[in-house]
Amino acid sequence: MVKVRLPDGKVREHPDGVTAAEAVRAIGPGLARDALAAQVDGRTVDLAARLPSGEVEFRVLTPKADDPAALEVMRHSAAHVMAEAICSLWPETKLVYGPPVENGFYYDIDLKHAISPEEFERIESRMAEIVKEDRPFTRYELPRGEAMTKLEREGNPYKLDNAERAEGDALSFYVTGTRDSGCWEDLCRGPHVPSSGRIGAYKIMQVAGAYHHGDASKAMLQRVYGTAWPSKKELDAYLNQLEEARKRDHRRLGPELGLFALDPLVGSGLALWKPKGAILRHTLEVFIREELLRRGYQPVYTPHIGKLDLYRTSGHFPYYKDSQFPPLYESERARLLNALWEIARASNSDRAGAEELALFSRIAADHADLRQVGYPADLPMEDRLRRIRGWLQQEDGYLLRPMNCPHHIRIYQSDVRSYRDLPVRLAEFGTVYRYEQSGEIGGLTRVRGMTQDDAHIFCTPEQLHDELAGCVDMARHALNVVGLTDYRVRASLRDGGDKYVGSKENWDLAEAAILDVVQHSGMNWFVGRGEAAFYGPKIDFLVKDCIGREWQLGTVQCDYNLPERFELKYIGADNHEHRPVMVHRAPLGSLERFVGILIEHFAGAFPLWLAPVQVRVITVSEKSRDYAREVLRTVQKGLRAEFDDGDERIGNKIRMAAHMKIPYLLIIGEQEVANRTVSIRTRDGRQLGSCTVAEFMAACADEIVKRGV
RNA sequence: GCCACCGUAGCUCAAUUGGCAGAGCAGCGGUUUUGUAAACCGCAGGUUGCGGGUUCGAGUCCCGCCGGUGGCUCCA
């Protein structure tokens, strides 16, 4: 007996061995026609699947654009149809992996011929044929051994690899057609829609490269992306929505609104803030500065560059060499000494190896001072490293700073600190430089030079929890004020990887603190394993851009590691030295990325307090020019204002101002001159009527103080 | 860094199979004096991203580089 409990609570009984399709048919013929798949106890299954005995929760999946489970099945099936189309056009294609993803699906293939966008149409028409044939998706299973033999015979190493990774004693295949029809088939876990005619409206979106298993050392595959929807109408709505989102793209709006420029001659990923972008950034900085002072931070200023040895101590150099701009003024001697240091460290032995000694001899040949000191082979590793560091400290190499923490740490260390001084909170809009991979740079969201609204907190272990919570509070407050409320919060913890430094005990403490803070924050958060920084776990605020890519903005990071590397201290109440804990935090993250996201969030139409130009005074004709000038002078005393007294028609002046997303237009014609008023028009076309300049200014002042969005 | 695509005036885009580089907007000059999202006339604007090659002839074909876009990888 199978008891099927429907979402409305009704229970229907069926004999053992009943299929999902039969259970659906029993509910109603209309539903049976519509059904794509079913969910049994929350697990999606084919309609052909037999239901287990006993009572099950049962839900029918029909093609609805708001049912993620239904879309997932349909898109997975669409991936099969696309793969078959590609295989029929290029029979040498080796299939790899083709899952559904958000808004669509992809299929990874190994094919020498590079599929070009011009060929999408050919693939789509082949897909249309397969859809029109309305062939059933037929599942069959083979015992693991038999399946492996079959796959080996077919000679696709990727599928063989998939099969080896698959769980269970039996492997399933899906034929797009009846069993033994000779139709196209694929090793696949399923489930699928009943037949190829049910995949709705679809479109191939793009083709991109993708490493097999995401491993950059492996060969690159082609990943063909598509999207699929229940109907043409929903597909069009999706494409339209994409189009609308692209109109908000900060890379288009930013230059158009005069906010920033990205100049290849200056360098890839190095943003130029133009006056309008700079005033916007300045306004944000003022806001953050106010918060910092309110929250007990102390502003500091430090240079954008520091000695290499500073970063050797912090661990940034040379471990992250690939993502740093090359060092400045590093001598050949220093380069060699650094290589020696790396070899010595890698040896992890209290006896110098042959390579190490040979390198030393090579360096020492040119440098008498090194020969004098010497480099005994039986010197313990720590002593050898110390000796090399001593030599390196005399070298004049500099690094554009990749992070601000080392400078702030040195400020902390410039005074003797008592437990009474803690927490010490040092804040700076710190500009850092990172040599990001060329393929990753884009717009303001990923740049090579950026300014963080950074701060480093030095506190006792007992203070850690409150400090972390305070940082989270500030980050949330900042996002709230600008109205960026659609974000996710990630507790970024370590995984089993080897990139992490510091003791397990400290990591456990830090992660516990991080988790405790997010748990009590009331935020919507999730755990990101392996997302931790090398020195500690963090809390990251993630926001999506106009095409759905997620970016980390604010971050709060817990760090036991750098205090040890720099041997940070404070004198405790017991008159003994203790080690402080550090918190790294940046509520906005980088101003570049934050402003980039902000441009998209507001589609360039910033709230009054942030708008680079808050008001534009426009004359109807030159007859009202003198009074308009008077209005402008008054308005400029409290607002960022522009003037348009050109000889364009008023309609065009309004159009141009609206294009620049200026919040308020003050229109001055002969009526306004006569009444000594201004006529107010908002950027979205509302006419707020006339009032005096003083009234307008007061209303604006109120809106600005409230930082209304 | 890897794969694919793209690069023509400040911006958006044209330019048969390889055959005289063009338009709209913006800019500048003039006319117009305007009432809530485009007044009219004119002028100027280019080593077609850069460098090689093929060809009688290259914006167009080939190679290299630079830059951009979408993914992948990375993101201290």
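Each chain gets a letter, A, B and so on, in the order its sequence line appears, and its residues count up from 1. Only this structure's heavy atoms are used, side chains among them; waters, hydrogens and symmetry mates stay out.
- The salt bridge (charged side-chain N to carboxylate O under 4.0 Å, His left out) contacts involving residues 99-108 of chain A comprise E102(A)-K544(A), D108(A)-R223(A), where partners must be two or more places apart or lie in separate chains.
- Among pairs with a residue in residues 642-685 of chain A, those fulfilling ring-ring contact (aromatic ring centres under 6.0 Å, His included) read Y664(A)-F696(A), at least two apart in sequence or across chains.
- Here K499(A) pairs with nothing under the salt bridge (charged side-chain N to carboxylate O under 4.0 Å, His left out) rule; sequence neighbours left out.
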Dot-bracket for RNA chain B, please. Rules: Watson-Crick or G-U, both distances under 3.5 Å, ( ) within the strand, [ ] when a pair crosses earlier ones, | for another strand, . otherwise. (((((((..((((.....[..)))).(((((.......))))).....(((((..]....))))))))))))....

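- A side-chain donor from one of H304(A) and Y433(A) sits under 3.5 Å from a side-chain acceptor of the other.
- Looking at S323(A), its side chain comes within 3.5 Å of the base of A76(B) through a donor and an acceptor atom.
- We find that CD of Q222(A) is positioned 17 Å from P of C2(B), with the value rounded to whole Å.
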What N/O pairs connect the protein and nucleotides 6-14 of chain B at under 3.5 Å? Give each pair on its own line.
none

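- With sequence neighbours left out, N404(A) forms a side chain to side chain donor-acceptor pair (under 3.5 Å) with R401(A), Q452(A), D454(A).
- For the salt bridge (charged side-chain N to carboxylate O under 4.0 Å, His left out) condition, no pair includes a residue of residues 649-659 of chain A, sequence neighbours left out.
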Could you go through nucleotides 28-32 of chain B and list every protein N or O atom that sits under 3.5 Å from one of its N or O atoms, giving the distance for each pair?
{"from": "U31(B)", "atom 1": "O4", "to": "D647(A)", "atom 2": "OD2", "distance (Å)": "3.0"}
{"from": "U32(B)", "atom 1": "N3", "to": "D647(A)", "atom 2": "OD2", "distance (Å)": "3.3"}
{"from": "U32(B)", "atom 1": "O4", "to": "D647(A)", "atom 2": "OD2", "distance (Å)": "2.3"}

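- Applying the salt bridge (charged side-chain N to carboxylate O under 4.0 Å, His left out) rule to E592(A) yields the partners R281(A); only residues at least two apart in sequence or on another chain are considered.
- Geometrically, R446(A) does not engage W551(A) in a cation-pi contact defined by less than 6.0 Å to the ring centre and at most 45° from the axis.
- Under 3.5 Å, the side chains of T692(A) and T677(A) contain no donor-acceptor pair of N or O atoms.
- Residue K653(A) has no polar side-chain atom (N or O) positioned under 4.0 Å from OP1 or OP2 of A37(B).
- As rounded to whole Å, 16 Å separates atom P of C72(B) from atom CD1 of I109(A).
- D249(A) is linked by a salt bridge (charged side-chain N to carboxylate O under 4.0 Å, His left out) to R251(A), counting only residues two or more places apart in sequence or in another chain.
- Not a single salt bridge (charged side-chain N to carboxylate O under 4.0 Å, His left out) links E564(A) to another residue, sequence neighbours left out.
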Pairs under 3.5 angstrom, nitrogen or oxygen only, protein versus nucleotides 66-69 of chain B, please.
{"from": "G68(B)", "atom 1": "OP1", "to": "S268(A)", "atom 2": "OG", "distance (Å)": "2.9"}
{"from": "G68(B)", "atom 1": "OP2", "to": "S268(A)", "atom 2": "OG", "distance (Å)": "3.1"}
{"from": "U69(B)", "atom 1": "O3'", "to": "R251(A)", "atom 2": "NH1", "distance (Å)": "3.3"}

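- Distance R616(A) CZ to A37(B) P: 15 Å, rounded to the nearest Å.
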